[in-house]
Amino acid sequence: MTLNYPFPGTVAVLLLLAICAVPAAGDTDVRPTVALNYQVEPAVLMPGDSGTVTISLNNMATGEIYVREDNKTFDMNAYILSATLGGNSNIDILDSSYTNVGLMGPGDTLELTFNIKAKEDMHNSVHFLNFELVGGSDMYDLNYKIPVKVDGRDLKLIVSNLPSTVMNEIATITLDVVNTRANDVNSVIVTSVGDGVIFTPSEVFVGTITAGNRSTATFTLDTMVASSGVKDVSFSASYFNGDNLHSSAEMSTTINVVEQSSLLLTAIEIEDVGSKYSITGDINNVGTTDAKNVMVSVVESDDIEPIQPYANYFIGTLEADDFSSFELSARVSGDITSIPVLIEFRNTDNAYTSITESIDLGSNSIIGAGSSDGMSPIVIGVIVISAIAIIGIIGYSWKKRKESA
Amino acid sequence: MLEVLTNPDSFFEKKMSEDISFKMPIVIILVIGVIGAINAISMTQKIMAELPSDAAQFAQYGAIFGAIGAIIGVFFMWVIYAVVFYAISLAFKGKGELKRVLEFVGYGFIPSIASGVIGLIMMTIALPTIEFSLENPELMQESMMSNPMIQASAIVGIIFMIWSANIWIFGLMHSRNLSIKNAVLTVGIPIGLYIVSTSYKFLG
């Protein structure tokens, strides 16, 4: 007799309700035998879960319904008068007994399903439910204990690469969802929540996680517009154990956001020729993910006009921890002290992102300064004095002509 | 010589009684040419700095040719001015030799010496700030035209050109025996057009 426990498999229990023997006196009783299998769904319940116990009865007799033996005729049908599953203080049986079930012919199989419910406050353990089968005619009764395991273990969420400090950047967060239970769970969905930060997507469908295994959910953490400070982030998972919906314990943590762009402009040199500014420098990716389709442009306004050949400068993909040079040109009028530069790129999710940086005309290295200030007062004075003098001389020459005329 | 600047009417009246002499006008034009040559050499040196080293040695010859060209160009300009004034005065039935017109137009270039010197000083100040981009000549030209020093030099040139025009009016009046009104028109039309086109080019 082999008991394949805990899997809801086959447990063959041969009950000899009748012993085919030939007594010395010549009397033989032939009785039908019944094999019993059971399946508990879900395989392992959690406290409060509903489930089913399905008992499968199989009439092991083969051949004819009526067997003739020693001038006697025996009926090989298995008569089942009633089948009852009894609960205990921790597990309720939600269905009444099966009565007047009927008979099973030789080789027939009958499945009886009972709804069960584990109590909310029960402890982890294996509970035995009493199965009572009352037979009729030549069939003996059957009593059996069916084990039902209750285990309250939850899914565990583990974040392996959440940085403690981030800048205004895009980061990839990987979350491991571990099934510590002894049975599979299905329809697992992981949800992320951030205070002042954005997770994309907000939910990830993981699917079925087999017992003792893990799956991975990947999120993109967007702190591009987050203000500086400590932010709360949390992760949780919902899943089904059988038909029972559960939520895992929330995994909460914090991250510190530093208000610093992940794309930095350095080594800025400004060359001004008249009212035209030529800006050269380096753009550095100090974030943790690559920036794709990077382009820098001068922001146009009433006083600032981007001019060719470098109204905008395309850089392409800027990998993390890499840099590239760029050049921009703009014409400036009025009292402008800084030039706004727009940095556009796509993050790892191909979402469009932009940052505006300001290049200060005063503090950066300027070559050829001075010519953009317009005519100096001295030059204007020279022009005015020359004009006055020449007009005076011309006037004097015409006056002399009139006098001589 | 000062009289031609302050009382050109009396100066040219006296000159009409003398023989035609190109001695002084040639000296005046030569001085202007030398100033122009110095300017051309400064510009060439700036361009040489932008060239690759193997091309730079050929640019030295360019400087020499530029200087010679500046001197010849001024003489050429003197002749052109005289011919244009003579041609326009024909419409007003002017009477007088072209050679006399040429002589008197030469004297009218004296103010250009002063404007040339002032322009040279301003160009020397402005040159380091000009973007000499051989790959983008439009940027180079725009850079020059928008430079305040270059613009000031143009304004000074226009002012002194008006002074020269005043001298040429009296020169044409006497050399071509024109009325003052016709002399003003003879000089005023071409010089006025020149001033308008220069103003538009530099000052927008």
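Chain identifiers are assigned alphabetically (A, B, ...) following the order of the sequence lines, protein sequences preceding nucleic acid strands; residue numbering begins at 1 within each chain.
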Could you give me the CA-CA distance, side-chain angles and deciding distance for B:Ser179 and B:Asn182, then say whether side-chain hydrogen bond (donor to acceptor under 3.5 Å, both in side chains) is met?
CA-CA 5 Å; B:Ser179 68; B:Asn182 289 340; 3.2 Å; yes
Under a 4.0 Å threshold between the charged nitrogen and the carboxylate oxygen, would B:Glu97 count as salt-bridged to B:Arg100?
no
Using non-hydrogen atoms and a 4.5 Å limit, figure out which bit of B:Ile180 sits close to chain A: side chain, backbone, both or neither.
side chain
Donor-acceptor pair, side chain of A:Asn285 and main chain of A:Leu318, under 3.5 angstrom:
yes
Which region of A:Ile394, side chain (C-beta onward) or backbone (N, CA, C, O), has a non-hydrogen atom less than 4.5 Å from a non-hydrogen atom of chain B, or is it both or neither?
both
Can you list everything that forms a ring-ring contact (aromatic ring centres under 6.0 Å, His included) with A:Phe323? Sequence neighbours excluded, please.
none
Part of B:Phe170 lying under 4.5 Å from any heavy atom of chain A:
side chain
Counting only heavy atoms not in A:Lys292, do more than 12 fall under 6.0 Å of its NZ?
yes
Taking the six-membered ring of A:Tyr277 as reference, does the cationic atom of A:Arg331 (NZ for Lys, CZ for Arg) lie under 6.0 Å from its centre and within 45° of its axis?
no
Part of B:Thr6 lying under 4.5 Å from any heavy atom of chain A:
both
More than 12 non-hydrogen atoms from neighbouring residues, nucleotides or ligands closer than 6.0 Å to CG on A:Asp322, yes or no?
yes
Only residue of B:Tyr81, B:Phe104, B:Trp163 satisfying ring pair (Phe, Tyr, Trp, His ring centres under 6.0 Å) with B:Trp168 is B:Tyr81
With a 4.5 Å heavy-atom cut-off (strictly below), which parts of residues 183-195 of chain B touch chain A? List them by number.
B:Val184
